[in-house]
Amino acid sequence: MTAHSLTPVLRVLRSCLHLLVAGLLGLAAVRAVAGHAPNAPAVLATAVVLLALYALGPRLPRVGSSPRAAALWLAAVALVWLALLALTPDGVWLAFPLFFVQLHLLPPRRALPAVVATTLAAIAGFAWHTHTLGVGTVIGPALGAAVAVAVVLGYQALYRESEQRRRLIEELTATRGELAAAERAAGRLAERERLAREIHDTLAQGLSSIQLLLRAAERVLPQQPAAALGHVRQARTTAVDNLAEARRFVQALSPPALESGSLPAALERLCATTARSSGLTVHCQVSGAPLALPTPHEVALLRIAQSALANTVRHAAAGRVELTLSYMDTEVALDVVDDGAGFRPAELPAPGSAAAGGTGFGLAAMHARARALQGTLAVESTPGEGTAVAVTLPCPAAAPGAAPEAAS
């Protein structure tokens with residue numbers, strides 16, 4: 001562990017360990033000098049050398065980073081300590097801080113043997129000076145070694161657990177950031193898909209209707225100015241309606257057709273508008289007792305009807321279209337059937353591809369709307385036999401309030 005990874009508490013403990021070593025060395029030197037020991041100069045010199053060597057260790061970067069360098073430094077410290085222990089029994093006190101230094105710098109397979117050797121040396125040195133080997137002589141250093149080992153191993157276990165928690169927190173923080181980014185991306189994609197569907201089912205279809213009306217007005221303008229004026233007025237009305245639709249789908253509001261009436265009434269008006277602008281015969285009917293559906297269901301059914309009728313006008317070359325809204329016990333169904341040219345659904349190119357000429361989004365949008373409400377959409381068509389579009393949505397419990405009136 002480097003000094004940069006130590007917490008303030010551990011820095012204080014390390015400083016206390018250094019002060020303990022310096023204090024014990026000073027105490028041994030003072031006792032030798034004050035006691036007028038014959039070898040007092042040697043004890044003082046050895047204590048100074050040991051203090052200098054000990055102080056040099058933390059200032060050597062390799063001691064803290066290389067087990068080999070740490071082992072060499074500890075061997076030098078141990079040799080000088082053994083010399084001090086041979087000169088004075090007070091040297092035995094330094095065994096306790098040496099335990100912590102050995103356990104901190106050496107790997108466990110080397111640290112524990114070093115602690116055992118230091119303990120035996122302390123016992124032997126003190127017994128040699130006192131010429132006795134009692135229980136206290138053995139228990140004192142052995143108990144100090146056991147306490148040091150327990151403290152260091154306990155701290156290392158706590159440190160590993162703390163590091164695991166720190167890494168887990170970092171992983172959770174990173175995962176939360178990735179999840180938030182994914183949610184933002186999903187939200188942008190969902191909003192983009194919503195706007196794409198709304199644009200296709202409202203603005204694109206409205207512009208197509210305006211184009212057809214203006215072409216019709218252009219054809220009859222020289223011979224029938226009044227009829228051309230009627231087409232122009234219908235185109236203007238369609239433009240106004242589409243402007244209102246655009247403002248509302250940007251704000252994620254309900255279509256104006258649903259705000260001013262029920263779904264059957266909105267489908268009836270849609271059929272009438274399609275008939276006026278295209279010249280088709282469009283018939284709308286309602287089967288079953290109408291229920292008050294949630295707004296998303298009504299919006300989806302209205303948009304699917306708009307898209308299906310627009311496809312019929314643009315591609316089917318049909319003469320008649322039947323639109324049927326059916327209320328059942330657990331489902332609501334919408335069928336749009338025409339007698340047009342028909343096609344092979346399996347041969348349709350991918351939406352937006354070069355083969356599709358940048359079109360083909362209508363069926364994809366209808367399928368997406370049905371899936372979003374756990375419904376199904378089926379398209380049945382054969383060349384020369386017309387096309388049938390059928391969507392079925394699960395019918396939730398009726399919303400509170402009176403059921404809407406059926407379209408006439």
Less than 4.5 Å apart, any side-chain heavy atom of F100 and any of V21?
no
From F96 CZ over to L20 CG, what is the distance, rounded to the nearest 0.5 angstrom?
7.5 Å
Taking side chain as C-beta onward, heavy atoms only, is R320 less than 4.5 Å from D338?
no
Just say parallel, tilted or perpendicular for the rings of Y159 and Y155, cut-offs at 30° and 60°.
tilted
Straight-line distance of S326 OG to Q285 CD, nearest 0.5 Å
7.5 Å
Quick one: are L301 and L393 in side-chain contact, heavy atoms under 4.5 Å?
yes
Considering all heavy atoms, the nearest L377-V379 contact:
CD2-CG2, 3.7 Å
Would you please name every residue forming a ring-ring contact (aromatic ring centres under 6.0 Å, His included) with F343, sequence neighbours left out?
none
Any side-chain heavy atom of H297 within less than 4.5 Å of one from L373?
yes
Quick one: does H315's side chain have a donor or acceptor within less than 3.5 Å of a partner on G340's backbone?
no
Min side-chain heavy-atom separation V152-F99 under 4.5 Å:
no
T46 side chain to A42 backbone, donor-acceptor under 3.5 Å:
yes
Which atom names give the shortest non-hydrogen contact between A305 and L334, and what distance separates them?
CB-CD2, 3.8 Å
Minimum side-chain heavy-atom gap P394-T330 below 4.5 Å:
no
How far does OG of S278 sit from CG of L309, to the nearest 0.5 angstrom?
8.5 Å
Under the ring-ring contact (aromatic ring centres under 6.0 Å, His included) rule, collect the residues that match up with H18, sequence neighbours excluded.
Y54
Applying side-chain hydrogen bond (donor to acceptor under 3.5 Å, both in side chains), run through Q306 and R303 and close with a yes or a no.
CA-CA 5 Å; Q306 288 176 324; R303 295 305 191 206; 3.0 Å; yes
Under 4.5 Å between any side-chain heavy atoms of D335 and L323, yes or no?
no
Just checking, is any N or O donor in the side chain of T118 or Q102 under 3.5 Å from an acceptor N or O on the other one?
yes
Atom OG1 in T382, atom CZ in R344: separation rounded to 0.5 Å?
8.0 Å
Going from CG on L84 to CG on L24, what distance comes out if it is rounded to the nearest 0.5 angstrom?
10.5 Å
With a 4.5 Å limit on heavy-atom distance, are the side chains of T312 and L280 in contact?
yes
What's the shortest heavy-atom distance between L105 and L74, and which atoms?
CB-CD1, 4.2 Å
Closest non-hydrogen atom pair, A266 against L302
CB-CD1, 4.3 Å
